Participant: 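What follows is a structure written as structure tokens; I'll ask about it next.
Numbers restart at 1 for each chain; the letters A, B, ... are given by sequence-line order, proteins then strands. Since we're looking at a predicted model, the values are computed, not measured. Worth knowing before you read on, the calculation uses all heavy atoms, side chains too, and leaves out hydrogens, waters and symmetry mates.
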Amino acid sequence: MSDFASSALNRVIIHLDLDCFYAQVESVRLGIDPASPLCVQQWDGVIAVNYAARGYGISRHDRVDTVKEKCPSCVLVHVETVGFQDQHFQEKDNSNVTEHSHRKSETKVSLDRYRDASSRIFKVLSSFVDRCEKASIDEAYLDVSEELKMDTEERAYYFETKFQPFGEVNAQIPESLLIGCAFAAKIRYAIYSQFHYTSSAGIAENKLLAKLGSSMHKPSQQTLISPQSVPYLLESLPLKKLRSLGGKLGTLIEEKTNARTAKEAQSITLEEWNEIVGRDTAEWIYNLVRGIDYSPVNAREITKSILAAKTFKAESSWEGLEKWIKLLAYELCERLSKDQAMNSRRPANLVIHYSSVGHPSCSKSIPFPCGKDKVHLLTQNAMKLLKTAKNFRFPCSRLSLSVSRFHSITSEANSISTFLRVDEGRHTNDVPSESIQVPSVIGLPENSLEKSISNMNDGPLEKYSDIKSEPGENEDYILAKRLQEEEWSKLRNTKIHANDDERRIKRKKKGQLQTLDHFFRPSSEEKRS
DNA sequence: ACGGGTTAGACC
DNA sequence: TGGTCTAAC
């Protein structure tokens, strides 16, 4: 609300990171002991490895054969896949059946499970903090500078924190950061008690340092990077460990300088940075290697774009491509429908990406089409876009559909201002004309005022015509609500003592120093489902 | 063995 | 604005 937090000189930032997130989601969902090795499989590879499996030397990027060699007892859970089964969209291809059901050549991966788990977690986060930024499906930055009122007993939580090596727990550490540690522990504990997911956290004055902290002690622990420990930390820290220097930019710097650690890079002057990276990024990097980062935590818990993609074996016919586009369109529409029910918004932009073998990938975009049968509309538009794209060629091996530029359609759904805003940027399609360079959009109605307004009220929520829904208003919203309710009632049944806070503080008073790890690794009889 | 599906942001 | 490229998970 106010800008105080982001402009304050001494901020308190938490970076929160769920441990091997996909693996945890599956292990909780299937009721598998987190102490037994588990990997999440995607086709022939694994994309998430739990800590027990890491103990066997298994890493992401291993193939399933290798995983089985390294640990024959490792549980492999395939990600959810979606596809068509004779004309019908097959929503959930249940994972723990045979590998055979995951037909790479007919289905695509769906990350829905993890997105759902993620959004439930973010609801908890936002119940604790106003300024919460979704950094990825399993990571968040929290600016708690303004939320640091906490009574003395609760502050005892900060003893859960690992302090950065060389740092000391002493009076030098700003009180605010210590309370931040207590806050982080409290939040992590809430996530654990509600979902049984463990997480790691870093607590520091800025995002850069907080992110470094969260990765220092994993899993299920948290780390404070105190201001006075920063010089020691940066002394031995490889340059490439700094956020955004992990890729080509980091390599470029290594090539052009002798610096390999952040400390070494501190001897590079602003002028020299100008030469190396250009004026725009010079000052930013100059600060970065000193552990200085002014970037604010932007309050945003939902994504700015939604994408569905598929890589497939080289395809050379329009019919073959259309099959994939249809599947992508279907998945996209499902997610959009849910998104709209939850976030009261809809996209203004539709993009198709395509990669032909041996060529760099390209993309084309159009205003998001308006109309009833969205799956059909998206499919038609995407096909047309491909057919008219000058640089499209067979064989094609990858396609994606994505949407972006969301506009809110909340309270003022009926207002003219919304109507004008949502419709703007679409007017080029009022006169679909092949002669104009701007690609036209198939299916835009003759744009009568009535039609557009009716689309606004119940329109975007409409399901696809082949899955008809009652004409009643906001059916999707009601459905989403109900699903949400069911989720929550499930959670309520497995609820873990709401007053654990008090219980643990009492224990502490008794002089039994407990660590969060104790809570995060419940004994087996404490576990449920 | 940089897999495959997602997201965000910078840049021209 | 549209499109490409980079970085990250």
Participant: Going by an N to O cut-off under 4.0 Å, is there a salt bridge joining A:K68 and A:D65?
Facilitator: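 Salt bridge flag = no for A:D65 with A:K68.
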Participant: Looking at A:K248, does any N or O in its side chain come under 4.0 Å of the phosphate oxygens OP1/OP2 on C:dA8?
Facilitator: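 For C:dA8, OP1/OP2 do not have a side-chain N/O of A:K248 under 4.0 Å.
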Participant: Looking only at side-chain N and O atoms, does A:S365 come under 4.0 Å of OP1 or OP2 in C:dG3?
Facilitator: yes
Participant: Within 45° of the six-membered ring axis of A:Y286 and under 6.0 Å from that ring's centre, is NZ or CZ of A:R290 located there?
Facilitator: yes
Participant: Do any side-chain nitrogens or oxygens of A:K108 fall under 4.0 Å of OP1 or OP2 in B:dT6?
Facilitator: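 Indeed, a polar side-chain atom of A:K108 lies that close.
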Participant: Contact class for A:R398 (heavy atom, under 4.0 Å): base, sugar-phosphate, or nothing?
Facilitator: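 Base contact.
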Participant: Taking NZ from A:K218 and P from C:dC9, how many angstroms apart are they, rounded to a whole number?
Facilitator: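 Taking atom P of C:dC9 as the reference, NZ of A:K218 is at 10 Å.
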Participant: How long is the line joining CG of A:L245 and P of C:dT6, in whole Å?
Facilitator: 15 Å
Participant: Quick check on A:K263: does its NZ atom have over 12 non-hydrogen neighbours (other residues, nucleotides or ligands) under 6.0 Å away?
Facilitator: no
Participant: Taking the side chain of A:S136 as its heavy atoms from C-beta onward, which of C:dC9, C:dT4, B:dG4 lies nearest to it?
Facilitator: C:dC9
Participant: Describe the nucleic acid contact of A:L249 in one word from base, sugar-phosphate, nothing, applying a heavy-atom distance below 4.0 Å.
Facilitator: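 Answer is sugar-phosphate: A:L249 comes under 4.0 Å of backbone atoms only.
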Participant: Would you indicate which nucleotide in B:dA8, B:dT6, B:dG5 comes nearest to any side-chain atom of A:R300?
Facilitator: B:dA8
Participant: Centroid distance below 5.5 Å plus an interplanar angle below 30 degrees: do A:H61 and B:dA1 meet both conditions?
Facilitator: no
Participant: Salt bridge between A:E334 and A:K338, side-chain N to carboxylate O under 4.0 Å?
Facilitator: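 Looking at A:E334 and A:K338, the cut-off is not met.
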Participant: So does A:S402 get a side-chain nitrogen or oxygen closer than 4.0 Å to the phosphate oxygens (OP1/OP2) of B:dT7?
Facilitator: no
Participant: Of the nucleotides C:dG2, B:dA1, B:dG5, which one has an atom closest to the side chain of A:R63?
Facilitator: B:dA1
Participant: For the residue pair A:F312 and A:W324, does the interplanar ring angle fall in the parallel (under 30°), tilted (30 to 60°) or perpendicular (over 60°) class?
Facilitator: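 Parallel.
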Participant: I want to check one thing: is the phosphate of B:dT7, taken as OP1 and OP2, less than 4.0 Å away from some side-chain N or O of A:K304?
Facilitator: no
Participant: Please tell me which of the listed nucleotides, C:dT6, C:dA8, B:dT6, lies nearest to the side chain of A:A308?
Facilitator: B:dT6
Participant: Between atom CG in A:N349 and atom P in C:dG3, what is the gap in whole Å?
Facilitator: 9 Å
Participant: May I ask you to verify if any side-chain N or O of A:R115 is less than 4.0 angstrom from the OP1 or OP2 atom of B:dT6?
Facilitator: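 So the side chain of A:R115 is within the cut-off, an N or O lying under 4.0 Å from OP1 or OP2 of B:dT6.
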Participant: Look at A:E133 together with A:K207 and state whether they make a salt bridge at an N to O cut-off of under 4.0 Å.
Facilitator: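 Here A:E133 pairs with A:K207 in a salt bridge, since their nearest N and O are under 4.0 Å apart.
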Participant: Would you mind classifying the nucleic acid contact of A:G45 as base, sugar-phosphate or nothing, using non-hydrogen atoms under 4.0 angstrom?
Facilitator: nothing
Participant: Can you find a side chain N or O atom of A:K240 that sits less than 4.0 Å from OP1 or OP2 on C:dA7?
Facilitator: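 For C:dA7, OP1/OP2 do not have a side-chain N/O of A:K240 under 4.0 Å.
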Participant: Send over the distance from A:D339 CG to B:dT6 C1', rounded to a whole Å.
Facilitator: 15 Å
Participant: Check this one for me: any side-chain N or O of A:T311 less than 4.0 Å away from OP1 or OP2 of B:dG5?
Facilitator: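 Answer is yes, contact under 4.0 Å.
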Participant: How long is the line joining CD1 of A:I352 and C1' of B:dG5, in whole Å?
Facilitator: 16 Å
Participant: Which sits closer to the 5' end of DNA chain B, A:L307 or A:R60, going by the nucleotide each is nearest to?
Facilitator: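 That would be A:R60.
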Participant: Side chain of A:S363: nearest nucleotide among C:dG3, B:dT6, C:dG2?
Facilitator: C:dG3
Participant: Counting the atoms with a prime plus P, OP1 and OP2 as sugar-phosphate, which does A:D138 contact under 4.0 Å by heavy atoms, base, sugar-phosphate, or nothing?
Facilitator: sugar-phosphate
Participant: Look at the side-chain N and O atoms of A:S305 and state whether any lies under 4.0 Å from the OP1 or OP2 oxygen of B:dA8.
Facilitator: yes
Participant: Are the aromatic rings of A:Y354 and A:F392 close, with centres under 6.0 Å apart?
Facilitator: yes
Participant: Round to the nearest Å and state the distance from A:N391 atom CG to C:dG2 atom C1'.
Facilitator: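 Rounded to the whole Å, the gap is 13 Å.
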Participant: Distance check needed: B:dA1 P versus A:I47 CD1, whole Å only.
Facilitator: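 My rounded result for the distance is 21 Å.
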Participant: Tell me which of A:Q42 and A:T303 sits closer to the 5' end of DNA chain B, going by the nucleotide each one is nearest to.
Facilitator: A:Q42
Participant: Would you say A:R243 reaches B:dA8's phosphate, i.e. side-chain N/O to OP1/OP2 under 4.0 Å?
Facilitator: no
Participant: Tell me the interatomic distance from A:L252, atom CG, to C:dC5, atom C1', rounded to whole angstroms.
Facilitator: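 That distance rounds to 15 Å.
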